[in-house]
> 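Please see the structure below; I have some questions.
Per chain, numbering begins at 1; letters A, B, ... match sequence-line order. The analysis underlying the following values was restricted to heavy atoms, covering all of them including side chains, and did not include hydrogens, waters or symmetry mates.
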Amino acid sequence: MSTIKIFIPRDSAAVSVGADDVALEIARRAVAENLSVEIIRNGTRGALWLEPLVEVQVGADRIGYGPVQVADVADLFKAKFLEGGAHQLCINKVDELPWLAEQDRITFKRVGIIDPLSIVDYESNGGLVGLRRALAISEKEIIAEVTESGLRGRGGAGFPAGIKWKTVSEASSETKYICCNADEGDSGTFADRILMEGDPFTLIEGMTIAGIAVGAKEGIIYIRSEYPAAIAQLEAAIAIAQEFKLLGPNILGSGRTFNVKIRIGAGSYVCGEETAMLESIEGKRGVVRSKPPLPAISGLFGKPTVINNVLTLSSVPAVLADGAASYKSRGVGRSLGTQIFQIAGNVKRGGIVETGFGITLEKLVMDYGGGTFSGKPVKAVQIGGPLGAYFAVKNFGISMDYESLIAAGGMLGHGGLVIFDENVDLAVQAKFAMEFCAIESCGKCTPCRLGSTRGAETIQLIIDGHNPESNKKLLLDLCEVMTDGSLCAMGGLTPMPVKSAMINFPEDFDSRVEVAK
Amino acid sequence: MSTATWSKDHALALLEPLRHEPGPVLIALQALQAEFGYVHVEAVALVATFFNVSRADVHGVLTFYHDLRTTPPLANAIHICVAEACQAVGSRDLEKALKNQYKDQVTDAYCFGNCALGPAVMVNGKLIGRATAAKIAAVIR
């Protein structure tokens, strides 16, 4: 009997619900039954509610079983799952699962499919095509292709990547840097982590292309300490990339130089702000810088620096490989290409949904998400992290793209959706937004440092029924000061969840004290 | 995770490989904490002298970052995510229960990137999804 391939994710989310134990148990039983199996620890497919998702290679197909617990393993062997046998946990061909099949995976096309640290897997699934093309054309042509694709910053700000690269390429300096912002601190977002764990070579390839395009020889990935598995995976991937000459002094024999190293964060949310991140990489307190100068002109150690998010850089290889026209054929208006949405919080079917911009909020929450995990009605969805707006069911028709969300009083941010059921109290969430800002503010500017504390106090007064109407006015006034007067997005956007909660859920800001009487 | 006992010579040996790193203060403090479990009070002057920066610079970095601690670690490090996605699935109630039981071994955290399988708790470096008090009790030291 030939060796049977079994795929069990090593992704942190899968491991957090028992994937390691399941892998061990399957290996133990296979040995006991004298079966020849090879267990591949892939990334997650992103259908996180199915984790641990065990896939078995049967002919050309991968048959899935999930979510599998250790206690199910004996039963799976009895059901002959290694031959794709029927079982109540069987989801048949994983590629045909509508939740996955209906997505449009470009940036995430290999995640969950390949062995993340296998260069052979990487290359035989479309890897390195973009880098090879980048090495064959001029720097100007690379930047033109990225600009033409419409790719915008996926970290949240949505700035056109090609224009940023052009600025850095035109800056005259011996030393330039590519900084990858992997400080994915927004609650409800995990796409950076899943990509770094599930397909790290894509990020390395994207950074290398960026380095070639702008004339930078050094790349730095700033990654949060809360992601130990992603750190370990990137370290391993960088070592392998060096060994295979994908990094180093002579990339793929081209004579070009590019290296990548890792800097690890230390538990500070504001270090996801690009200038605070630069300070942190320089070993200092993560205090934001005033702009100008732009980091593209004077960034890390005062040198011209490209700062892009993990997903932006990881989308670049596909843009180069398939061309700008293919990428921008997806999406709507000025939001081109695909967005990697992350469905989180109180959700039945949470995970990664990569699809063109312009999908409705309702489709993501109800069709993909399947409503709440608790089974109670959805009350609120926060889009774009802790600084994003809270929307209600009446807003479900919103088109998920940069411009539509801004028009609706929100923002796309890093593409995370946090779903809440009817138990959520939006006044409490608004207060939390202010408290979080108070904890994480770098302290440099007054509206953020003090406004956040005063904001939390004022919301508590509203909740307690102390002059609620005048305190609501005061709170809106404070929000205006924070929005207009803060140095960066931390203080500048904290009013967004607060104001959207007040606008979309006014009933939650009525005095609870009187209700209690 | 076992940690070494603080000694200046041992600390200096850890700083030596970082001598030529640009912007070394944060990584130096992280290296010391990884080895000793915390940043000893004597480390501030040591790092400042070694890299020729002011003690204020080192103190500033040490007190800015939530990860860096100045006291020896406790028996268990329990970090519970209390950010929005985990709040939506009851992390506030779990936080209360854990703090009641494990006291100051419990620290609030903001996001482990496990937001579709919350509440997320990290116990001594191990991430637990769909966390419950019972799941945490099973891995506690």
> Roughly how far, to the nearest 0.5 Å, is CD1 of A/I281 from CD1 of A/I221?
10.5 Å

> Under 3.5 Å, is there a donor-acceptor pair linking the side chains of A/E273 and A/T275?
yes

> Identify which part of A/V270 has an atom lying under 4.5 Å from any heavy atom of chain B, answering side chain, backbone, both or neither.
side chain

> Quick check on the interface: out of B/A28, B/G60, B/G118, who has the most heavy-atom pairs with chain A under 4.5 Å?
B/G60

> Can you tell which part of A/D11 gets under 4.5 Å to a heavy atom of chain B, answering side chain, backbone, both or neither?
neither

> For the interface with chain A, which of B/C111, B/C81, B/A109 has the highest count of heavy-atom pairs at distances below 4.5 Å?
B/C111

> So which part of A/R349 gets closer than 4.5 Å to some heavy atom of chain B, the side chain, the backbone, both or neither?
neither

> If we ignore angles and hydrogens, is there a donor and acceptor under 3.5 Å between the side chains of A/E226 and B/H79?
no

> Measuring heavy-atom distances to chain B, does A/Q342 have an atom under 4.5 Å in its side chain, in its backbone, in both, or in neither?
neither

> With only heavy atoms counted, which part of A/Y269 is less than 4.5 Å from chain B, the side chain, the backbone, both or neither?
neither

> Side chain, backbone, both or neither: which part of A/L417 has an atom under 4.5 Å from a heavy atom of chain B?
neither

> Please work out whether the ring planes of B/W6 and B/H40 are parallel, tilted or perpendicular, with thresholds of 30° and 60°.
parallel

> Of the backbone (N, CA, C, O) and the side chain (C-beta and beyond), which part of B/Q30 lies under 4.5 Å from a heavy atom of chain A, both, or neither?
side chain

> With only heavy atoms counted, which part of A/K261 is less than 4.5 Å from chain B, the side chain, the backbone, both or neither?
side chain

> Given heavy-atom pairs under 4.5 angstrom as the criterion, report whether the side chain, backbone, both or neither of A/L48 touches chain B.
both

> Do A/Q429 and B/Q87 get their side chains close enough for a donor-acceptor pair, meaning under 3.5 Å?
yes

> Do you know which of A/V424, A/V15, A/I264, A/D421 has the most heavy-atom pairs with chain B at a distance under 4.5 angstrom?
A/I264

> Regarding B/Y65 and A/S280, is there a side-chain donor-to-acceptor distance under 3.5 Å anywhere?
yes

> Would you mind checking which part of A/C442 comes under 4.5 Å of any heavy atom in chain B, side chain (CB onward), backbone (N, CA, C, O), both or neither?
both

> Between B/V58, B/D67, B/L26, which has the largest tally of heavy atom pairs under 4.5 Å with chain A?
B/D67

> Side chains of A/E218 and A/N259: is there a donor and an acceptor less than 3.5 Å apart?
no

> Could you tell me if A/E197 and A/S12 have a donor-acceptor pair between their side chains, going purely by distance under 3.5 Å?
yes

> Using distance alone, with no hydrogens and no angle criterion, decide if A/T44 and A/E51 have a side-chain donor and acceptor under 3.5 Å apart.
yes

> Which residue out of A/P228, A/G369, A/P386, A/S16 racks up the most heavy-atom pairs below 4.5 Å with chain B?
A/S16

